[in-house]
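If you read the sequence from its start, that first residue is 1, and numbering goes on from there. Because only heavy atoms are used, hydrogens play no part in the values below, and waters and symmetry mates are left out as well, while side chains stay in.
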Amino acid sequence: MIVEQVFPPLRLEPRNVTILVGAALQVQAVGGPHPQSSIEYMLLDTAGNTQTVATVSSSGLVESSAIGMITRGLLSYSSLKKKYIYQFY
C-alpha cells in the first residue's frame with residue numbers, strides 16, 4: 001500500500017518585515033507536512049553565514065540586536081527523522 005501526502009507549500013509569515021534595534025517579531029511557519037514534525041529557525045546573510053544582527057528562538061521569535069539586514073532565512077523541517085531544508089529569500 002502506497003500512502004501519499006499532499007500539503008500546501010511551507011512558507012514563513014510574514015515574509016518581509018522591518019524591525020527596530022531591540023524590537024521583536026514573531027514569525028510563523030505555515031503549510032508543510034503534518035503531523036510528526038518539528039521546525040528549526042535560523043537566520044543567515046547572503047554568504048550563508050549565521051546572522052549576528054538578530055537572533056531567532058526555537059518558537060520563531062526574532063529579536064534584533066544591531067543595525068543590519070537579514071537577506072535570507074532558513075527553515076529546517078524534520079519529519080520522521082528525515083531533515084528537509086527550505087530557504088526563504
Side-chain angles (χ1 to χ4, degrees):
M1 178 175 170
I2 297 175
V3 177
E4 291 187 32
Q5 184 180 23
V6 179
F7 51 88
L10 185 60
R11 65 184 196 280
L12 287 177
E13 292 290 333
R15 278 187 68 88
N16 300 310
V17 296
T18 301
I19 59 176
L20 300 172
V21 174
L25 173 79
Q26 180 71 46
V27 294
Q28 179 180 4
V30 179
H34 297 284
Q36 299 176 346
S37 61
S38 64
I39 296 174
E40 300 170 33
Y41 299 90
M42 286 181 15
L43 302 175
L44 303 176
D45 61 17
T46 55
N49 300 315
T50 302
Q51 190 56 253
T52 58
V53 300
T55 58
V56 63
S57 71
S58 60
S59 64
L61 183 66
V62 178
E63 296 181 79
S64 67
S65 55
I67 295 174
M69 181 182 291
I70 298 171
T71 56
R72 180 172 57 183
L74 180 72
L75 180 115
S76 173
Y77 187 89
S78 302
S79 178
L80 301 173
K81 298 185 180 181
K82 294 181 182 177
K83 192 165 265 196
Y84 304 94
I85 305 297
Y86 297 89
Q87 294 184 29
F88 299 91
Y89 298 93

Peer 1: Measuring from atom OH of Tyr41 to atom OG of Ser59, what distance do you get when rounded to the nearest 0.5 angstrom?
Peer 2: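 OG of Ser59 is found 7.5 Å from OH of Tyr41.
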Peer 1: Let me check something: do Ile67 and Met69 share a hydrophobic cluster, defined by ILVMFWY side-chain heavy atoms less than 4.5 Å apart, either directly or through other members?
Peer 2: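 In one cluster with Ile67: Met69, no.
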Peer 1: Could you pull out the closest heavy-atom pair between Val21 and Ala66, with the gap in Å?
Peer 2: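 Taking Val21 first and Ala66 second, the nearest heavy atoms are CG2-C, 3.7 Å.
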Peer 1: Linking I/L/V/M/F/W/Y whenever any side-chain heavy atoms sit under 4.5 Å apart, do Val27 and Ile19 land together?
Peer 2: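 In one cluster: yes.
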Peer 1: Could you state whether Leu20 and Val17 fall into the same hydrophobic cluster, counting links through intermediate Ile, Leu, Val, Met, Phe, Trp or Tyr residues with side-chain heavy atoms under 4.5 angstrom apart?
Peer 2: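 No, Leu20 does not connect to Val17 through the hydrophobic network.
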Peer 1: Verify the cluster assignment for Leu25 and Val53: are they in a single hydrophobic cluster under the rule of side-chain heavy atoms below 4.5 Å apart?
Peer 2: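 Yes; tracing contacts between hydrophobic side chains, which count when under 4.5 Å, links both residues.
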Peer 1: Between Val62 and Ala54, what is the shortest heavy-atom contact and its length?
Peer 2: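 Nearest heavy atoms, Val62 then Ala54: CG1-CB, 4.2 Å.
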